[in-house]
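Below you'll find the structure, written out as structure tokens, and then a few comments.
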There are 2 protein chains.
Amino acid sequence: MTVIPALTPDQLSLLADAFRLLGDPTRLRIVMHCMDGPRSVGAIACELGLSQPLVSHHLRLLRTARLLRAVRQARHVFYTVSDHHISHMIADLAAHMAEKTTDQDAAQHP
Amino acid sequence: MTVIPALTPDQLSLLADAFRLLGDPTRLRIVMHCMDGPRSVGAIACELGLSQPLVSHHLRLLRTARLLRAVRQARHVFYTVSDHHISHMIADLAAHMAEKTTDQDAAQHP
DNA sequence: CTGACGTATCAATGCATGTTTATATGTCAT
DNA sequence: ATGACATATAAACATGCATTGATACGTCAG
């Protein structure tokens, strides 16, 4: 029973957008990969086995939503998780999933 | 730079699913509404101005993903957030959004 | 300036999913 | 059992979006 600070419709929309962006496995992998330190677009594409345009597209979405931050360095653009809240939240939930892999079929109807 | 406990593909998928479910504004409203205490399907539909089948459909998804927990009581089925991690995570990010509503257009390209 | 490299954009496609309408299942009173 | 209420399911429709392939933009070396 946690108290929520009564969001405006705009804030709710932003919050949902953040969750929605993290809801795609490809994007989630990208974000989590950027949590280990700054990564260039090409490095992400290579290390995760994704096409470069796809990575760039997702990075644009994540950057626009301020989940990732871009820094240009010579010809490369390095991406980092922009906010500690984001990293912590993902890490917490990831840990929670990692320990609680009882994984019994979750389809019990009341 | 937060460390992630190296998820398996299954765990990654589950994590992304959780985020994806929270990524829909309607579902997010439902979940946040259930954080104030147990709510029946009809109450949720009425108080959030949604159709009953739509609420039931979303509740099914949230229940299957173990984000919400259902308890039958007479003719009513009450839904609650099943895990403290979930509530805390949403509350934290909601607070983070609520304070950081500078809301300048986030489209600065490097 | 020209070429090579890294990144970003664009158009097209195919699949996933949120919503509605109608109907079924289940539970309690009389 | 019958009727009323609460919830769940099904089919149909519409929309959104992830992915690909081709191409354009920007940056540095020679």
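Just so it is clear, the structure is predicted and the values come from calculations on it, not from any experiment. Sequence lines set the chain letters: A, B, ... in the order given, protein chains first and strands last, and positions in each chain run from 1.
Mapping A/Pro53 and B/Pro53 onto DNA chain D by nearest heavy atom places B/Pro53 closer to the 5' end of the strand.
Between the side chain of A/Ser82 and the main chain of A/Leu67, a donor-acceptor pair closer than 3.5 Å is present. Looking only at distances, a side-chain donor or acceptor of A/Arg27 sits under 3.5 Å from a matching main-chain atom of A/Leu21. A donor-acceptor contact shorter than 3.5 Å links the side chain of B/Thr64 to the backbone of B/Arg60.
Residue A/Arg75 places its side chain closer to D/dT27 than to any other of C/dT7, D/dT27, D/dA22. Closest contact between the side chain of B/Arg63 and the listed nucleotides D/dC28, D/dA8, D/dT20 involves D/dA8. Nearest to the side-chain atoms of B/Val77 among the listed nucleotides D/dT7, D/dA6, C/dA4 stands D/dT7.
Under the rule for a salt bridge (Lys or Arg N to Asp or Glu O under 4.0 Å), B/Asp24 has no partner lying at least two apart in sequence or in another chain. Partners of A/His88 according to the ring-ring contact (aromatic ring centres under 6.0 Å, His included) rule, which considers only residues two or more places apart in sequence or in another chain, do not exist here.
Counting to the nearest Å, the C1' atom of D/dA6 and the OH atom of B/Tyr79 are 11 Å from each other. In this entry the distance linking CG of A/Leu61 with P of D/dG16 reads 15 Å, nearest Å. Here the P atom of nucleotide C/dT27 and the NE2 atom of B/His76 are 14 Å apart, to the nearest Å. For the pair B/Arg72 CZ and D/dC5 C1', the computed distance is 11 Å after rounding to whole Å. Rounded to whole angstrom, the span from the CG atom of A/Asp24 across to the P atom of D/dG16 amounts to 17 Å. Between the P atom of D/dA11 and the NE2 atom of B/His57 lies a distance of 13 Å, rounded to the nearest Å. Counting to the nearest Å, the P atom of C/dT19 and the CZ atom of B/Arg60 are 16 Å from each other. If you take CG of B/Leu54 and P of D/dA8, they are 13 Å apart, rounded to a whole angstrom.
B/Arg39 places none of its side-chain heavy atoms less than 4.5 Å from the side chain of B/Ile30. The shortest side-chain heavy-atom distance between B/Leu68 and B/Cys34 falls under the 4.5 Å cut-off.
OP1 or OP2 of D/dT19 lies within a sub-4.0 Å distance of a side-chain N or O belonging to A/Thr26.
Looking at residues 44-52 of chain A, you'll see A/Ser51 sit with a heavy atom under 4.0 Å from some atom of DNA chain D.
Note: the hydrophobic cluster containing A/Leu14 also contains A/Leu61 (ILVMFWY, side chain heavy atoms under 4.5 Å, direct or indirect links).
Comparing the local axis fitted to the first five base pairs of the helix from C/dC1-D/dG30 to C/dT30-D/dA1 with the one fitted to its last five gives a bend of 30°, rounded to 10°.
Residue contacts shown for A/His58 are limited to sugar-phosphate atoms, with no base heavy atom under 4.0 Å away.
Residues B/His85 and B/Asp83 approach most closely at N-OD1, 2.8 Å, considering heavy atoms.
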Q: Quick one: do B/Tyr79 and B/Arg63 satisfy side chain to side chain donor-acceptor pair (under 3.5 Å)? Show the steps, please.
A: CA-CA 9 Å; B/Tyr79 282 82; B/Arg63 169 175 20 100; 3.3 Å; yes
Which atom pairs, one a donor and one an acceptor, fall under 3.5 Å between side chains of residues 43-57 of chain B and the rest of the protein, sequence neighbours left out?
from	atom 1	to	atom 2	distance (Å)
B/Glu47	OE1	B/His33	NE2	2.4
B/Ser51	OG	B/Leu54	N	3.3

With 3.5 Å as the limit, what N/O pairs link the protein to nucleotides 15-17 of chain C?
from	atom 1	to	atom 2	distance (Å)
C/dT17	OP1	B/Arg20	NH1	3.2

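With values rounded to the nearest 0.5 angstrom, B/Phe78 atom CZ is found 10.5 Å from B/Arg72 atom CZ.
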